[in-house]
Amino acid sequence: MKILDTLKGRFEQALDGLIDNPAAYSARIAQARDPRFGDYQANIAMPLAKTLGKNPVDIANSIVQRLQIDDLCESVDVAGPGFINLKLRSQFLASSLSQAAGNDRLGVSAVRNPQTYVVDYSAPNVAKPMHVGHIRSTVIGDSLCKILRFLGHRVISDNHLGDWGTQFGMVIYGYKHFVDRSAYERAPVAELSRLYRLVQQIIGYQAAVSQIDKTREQLRLAIRRMQELIAKADAGDKKAAKEVKAADRNVAAVRESLEEIERKIANIEGDSSLHAAAHGHPVLDQRAQLETAKLHSGDPENLALWNQFLPWCIEEIETVYRRLGIKFDLQLGESFYHPMLGDLVQRLLSSGLAQQSEGATCIFLEGYDAPMIIRKQDGAFLYATSDLATIEYRLKQYSPDVILYVVDHRQSEHFAKLFAAAAALGYHHVTLKHVSFGTVLGPDGKPFKTRSGTVIGLEYLLDEAVQRAYQVVCHPERLQKANLRMTNEEQHAVAEAVGLGAIKYADLCHNRTSDYEFDIEQMVQLDGNTSAYIQYSFARASSILRNSGVDLGSPNVDSLSMELVNTAERDLALYLLQFEDVLHQCLEDYLPSVLVAYLYGIAKQYAVFFDQCPVLKADNEHLMLSRLRICDATCKTLQKGLELLGIATVPRM
RNA sequence: GGGGUCAUAGCUCAGUUGGAUAGAGCAACGGAUUUCUAAUCCGUCGGUCGGGGGUUCAAGUCCCUCUGGCCCUGCCA
């Protein structure tokens, strides 16, 4: 049900002949911000005051006069400086909801002009363990795909794996020199990620050793500068005080990085075998890079190792996807594009778009100081190169109208350059969009890590959430109180749905562009704005439907007119009917959080309805059936909405 | 140095192309109630929307500036 479109249409008719571009102004109809003003409001008259040279209230009145909307609205009022407030007829809401409830798409129609979307999301680097940072891309991308598909678009989801990058050089080097054979045979992925971390740690250590003297000197200089400023500063001199403050911050920053360096060194030097390894393998970063270069140039040994490692790594991440219920149409990693890169760079060079600079092959773009480097001095290609090749491949294979990149905000400059380069290559007929998102922060407001600085594995977090959900949801006391006799199996299924839902919901409920604090304690708390609250609303409503014993699909019930006598049920009905509008709104800026806010609103409104409107104990049978159908519509909307977020529902909890 | 982004209640966050008296959850406090699943509902408390200037009939929202945070900035992704 597209309420907004319907209202806009009526206003456009009324505005036709009055102004030149009715569509531009009908867009100024929105849900009322305050229910006291009605259901919808049209803020059309005020901006027209200048162009028409009239008083906005008069304009509003003349619009209202021309408006033919009596069949939909019980009142149309002009208020304040020229707002037009609309209140829908309850009869209209009742018949619309009745129609939507009996429809398996909840009255949501497919778009008239479906588009083809390629959605690039998740894209972890395999051979590195997945962590909380991978959640956002995966969950947001998956939800966007589902919403797009539900609205009738053609969607190709693609997991652009990092399966060819520098990390493989590290793993290969690690495997050649540090592998624990029996550990590798027992659990290959665990051993490979140990090797990756080991190599990374040593590289970090070596960098730290080479930096420590310089950093100490920096700290001395910073301190001296601060002392000089303090000595020089006159009391009351604001500018000087500011400089002292800045110098002080600088000292703190340098001190912090020095401590980081010292920590890295202490970690290695405190362990004799690590220390020996670090000294037995100097300039490890270069050695690892060499392994990467050998892999890329087709060295048989490294290629064989890569072929050996990759299936393990993919199996590992697919375990996570299976658990999260996520499927991709394509999983074409960077390695897939590698054969195309040489030719691509050649074409870019011969067309003059790219040129050699400081030994590298670069594309210089207007508005950017630094070029986009597509081939390094040592001949290696970069992700900019494979991203360009990926665009070409996708255009050729799928002719998409839109390609979405669900990737964190730190890469926005990369994408700006990439899109500019694609435009320079003449790819104008596709919309390239970076759907960026913020960082997942820990309780300290810094990127989510353990106290020792290591990242926390994603699987561990999923287990943790499920386990906490189990403790709360399946608490024996609670189950007894709610008279829920569940088998062990059902209890675990509920905990899984609630725990995983909690993690996805916590992510999706924030505006994707914001950073947010990952607080597992809070997200599995079952009060407030959490998935469990919504899942619980669904279970409560389902319970009523079950207990009623009524077959809502039977023709006599299905065609029954609804009654919206109580404001609680009228408000709920209005909410439910906005589903389609909300989904379209989600896609305007690719914001799943809009859908989340909507579902939370339904759940809260349902709670009010539940409190105030007895269903099975309603005054008469007709009212009971009417309310049952409202429960049914609520269930279906919550379920579908959660499904579009990738969150499961359970019939009882 | 250059560029990007953010700053809203004690805490975590919303805030639709600028719209009417800035919202929610948590926390705190007070009520309802033996419930069709109380994991509920209602109420109270809590904000010079970082500071200053500007545009506008109207600014949390747009522009300028200052302060502070985070991110990026030629060979990682």
Side-chain angles (χ1 to χ4, degrees), chain A residues 24 27-28 30-34 36-37 41 43 46-47 49-50 56 79-83 85 123 125 162 165-167 242 249 289 292 334 357-362 367-378 380 382-384 387 407-414 416 436 438-439 441 445-447 472-473 475 478 481-484 509-511 513-517 519 522 525-530 532-533 535-537 539-548 585 588-589 591 593-594 596-597 600-601 604 607-608 610-618 624 627-628 631 652-653:
Chain A
R28 297 178 59 89
Q31 218 188 314
R33 293 231 172 182
D34 187 322
R36 279 175 302 162
F37 302 135
Q41 61 184 61
N43 309 329
M46 288 87 80
K50 239 178 202 164
F83 297 104
N85 293 330
N125 283 325
T166 320
Q167 84 273 19
K242 213 175 92 181
R249 271 201 306 273
Q289 225 165 52
T292 311
E334 291 173 328
S357 166
E358 297 177 28
T361 310
C362 302
Y368 297 96
D369 291 339
M372 183 162 89
I373 297 174
I374 53 173
R375 185 160 210 174
K376 302 200 294 183
Q377 282 180 333
D378 64 6
L382 295 110
Y383 74 135
D387 276 1
V407 181
D408 76 275
H409 72 280
R410 285 172 302 185
Q411 296 196 38
S412 50
E413 191 172 313
H414 162 68
S436 72
T439 310
L441 306 173
K446 292 187 179 152
V472 184
V473 181
H475 196 277
R478 191 189 96 72
K481 214 162 110 190
N483 195 22
L484 289 170
C509 79
H510 294 101
N511 186 313
T513 59
S514 313
D515 295 347
Y516 78 93
E517 219 168 273
D519 182 352
Q522 182 274 330
Q525 287 304 319
L526 306 175
D527 329 303
N529 189 359
T530 63
Y533 178 80
Q535 289 167 317
Y536 174 62
S537 302
R540 285 207 294 178
S542 298
S543 169
I544 293 176
L545 295 175
R546 264 197 314 275
N547 292 339
S548 75
Q585 207 187 322
E588 273 172 32
D589 279 311
L591 290 171
S593 55
V594 170
V596 173
Y600 182 54
K604 277 200 295 188
V608 175
F610 181 86
D611 199 52
Q612 294 179 10
C613 303
V615 180
L616 301 180
K617 294 172 191 164
M624 179 197 80
R627 286 180 176 168
L628 267 180
C631 289
R652 317 194 298 164
M653 63 183 272

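Below, chain A is the first sequence line, B the second, and so on; all start at residue 1. Both backbone and side-chain heavy atoms feed into the values below; hydrogens, waters and symmetry mates do not.
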With distance as the sole criterion, do the side chain of [X] and the base of [N] form a donor-acceptor contact below 3.5 Å?
| X | N | answer |
| --- | --- | --- |
| Ser357(A) | G74(B) | yes |
| Arg410(A) | U5(B) | no |
| Asp611(A) | A32(B) | no |
| Arg33(A) | G19(B) | no |

To the nearest 0.5 Å, tell me how far [X] [atom1] sits from [Y] [atom2].
| X | Y | atom1 | atom2 | answer |
| --- | --- | --- | --- | --- |
| Gln377(A) | Thr361(A) | CD | OG1 | 10.0 Å |
| Gln167(A) | Thr292(A) | CD | OG1 | 8.5 Å |
| Thr439(A) | His409(A) | OG1 | NE2 | 4.5 Å |

Look at all strands and tell whether [X] reaches a base, only sugar-phosphate, or nothing, counting heavy atoms closer than 4.0 Å.
| X | value |
| --- | --- |
| Tyr368(A) | nothing |
| Pro47(A) | base |
| Ala532(A) | nothing |
| Val473(A) | base |
| Met653(A) | base |
| Glu517(A) | sugar-phosphate |
| Gln535(A) | nothing |
| Cys509(A) | nothing |
| Gln41(A) | base |
| Asn85(A) | base |

Between [atom2] of [N] and [atom1] of [X], the distance in whole Å:
| X | N | atom1 | atom2 | result |
| --- | --- | --- | --- | --- |
| Gln411(A) | U5(B) | CD | P | 17 Å |
| His510(A) | C13(B) | NE2 | C1' | 5 Å |
| Lys50(A) | U56(B) | NZ | P | 6 Å |
| Tyr536(A) | U35(B) | OH | C1' | 9 Å |
| Tyr533(A) | U37(B) | OH | P | 16 Å |
| Asp589(A) | G15(B) | CG | P | 10 Å |
| His409(A) | G69(B) | NE2 | P | 16 Å |
| Tyr600(A) | A24(B) | OH | P | 10 Å |

[N] versus [M] - spacing of their [atom1] atoms, nearest Å:
| N | M | atom1 | value |
| --- | --- | --- | --- |
| A14(B) | G50(B) | P | 14 Å |
| U67(B) | A27(B) | P | 39 Å |
| U34(B) | U16(B) | P | 41 Å |
| G10(B) | C72(B) | C1' | 34 Å |
| U12(B) | C70(B) | P | 15 Å |
| C45(B) | A24(B) | P | 12 Å |
| A28(B) | G54(B) | C1' | 41 Å |
| U21(B) | U35(B) | C1' | 36 Å |

Measuring from the side chain of [X] (C-beta onward, heavy atoms only), which nucleotide among [options] has the closest atom?
| X | options | result |
| --- | --- | --- |
| Glu334(A) | G19(B), A77(B), C41(B) | A77(B) |
| Pro614(A) | U16(B), U37(B), C36(B) | C36(B) |
| Thr166(A) | C76(B), U40(B), G19(B) | C76(B) |
| Pro371(A) | C36(B), G74(B), U40(B) | G74(B) |
| Asn511(A) | A14(B), U73(B), C75(B) | A14(B) |
| Arg28(A) | U37(B), G19(B), C75(B) | G19(B) |
| Phe83(A) | C57(B), U40(B), G19(B) | G19(B) |

Could you tell me whether the phosphate oxygens of [N], OP1 or OP2, come under 4.0 Å of any side-chain nitrogen or oxygen in [X]?
| X | N | value |
| --- | --- | --- |
| Asn483(A) | U35(B) | no |
| Lys617(A) | U35(B) | no |
| Asn529(A) | U12(B) | no |
| Ser514(A) | A14(B) | yes |

Taking all non-hydrogen atoms of both residues, which atom of Cys631(A) and which atom of Ala541(A) are closest, and how far apart?
O-CB, 4.2 Å

What are the two closest non-hydrogen atoms of Ala618(A) and Pro614(A), and how far apart are they?
CB-O, 3.5 Å

Both distances under 3.5 Å, Watson-Crick or G-U wobble: report the partner of [N], or none.
| N | value |
| --- | --- |
| C29(B) | G43(B) |
| U37(B) | none |
| A7(B) | U67(B) |
| A20(B) | none |

What's the verdict on side chain to side chain contact (heavy atoms under 4.5 Å, CB included) for Gln289(A) and Lys376(A), showing C-alpha distance, side-chain angles and the deciding distance?
CA-CA 12 Å; Gln289(A) 225 165 52; Lys376(A) 302 200 294 183; 4.2 Å; yes

Could you pick out which residue, Lys446(A) or Arg652(A), lies toward the 5' side of RNA chain B when each is mapped onto its nearest nucleotide?
Arg652(A)

Is there aromatic stacking of Phe37(A) against A20(B), centre distance under 5.5 Å, plane angle under 30°?
yes

So for atom CZ, which belongs to Arg410(A), do other residues, nucleotides or ligands contribute more than 12 heavy atoms lying within a distance under 6.0 Å?
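Atom CZ in Arg410(A) is not crowded, with 12 or fewer foreign heavy atoms closer than 6.0 Å.
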
Could you go through the side chain to side chain contact (heavy atoms under 4.5 Å, CB included) check for Leu628(A) and Ile544(A) one step at a time?
CA-CA 8 Å; Leu628(A) 267 180; Ile544(A) 293 176; 4.0 Å; yes

List the steps and the verdict of side chain to side chain contact (heavy atoms under 4.5 Å, CB included) for Thr530(A) and Gln522(A).
CA-CA 9 Å; Thr530(A) 63; Gln522(A) 182 274 330; 4.2 Å; yes

Starting from the C-alpha separation in whole Å, work towards a yes-or-no answer on side chain to side chain contact (heavy atoms under 4.5 Å, CB included) for Phe83(A) and Asn43(A).
CA-CA 5 Å; Phe83(A) 297 104; Asn43(A) 309 329; 3.0 Å; yes

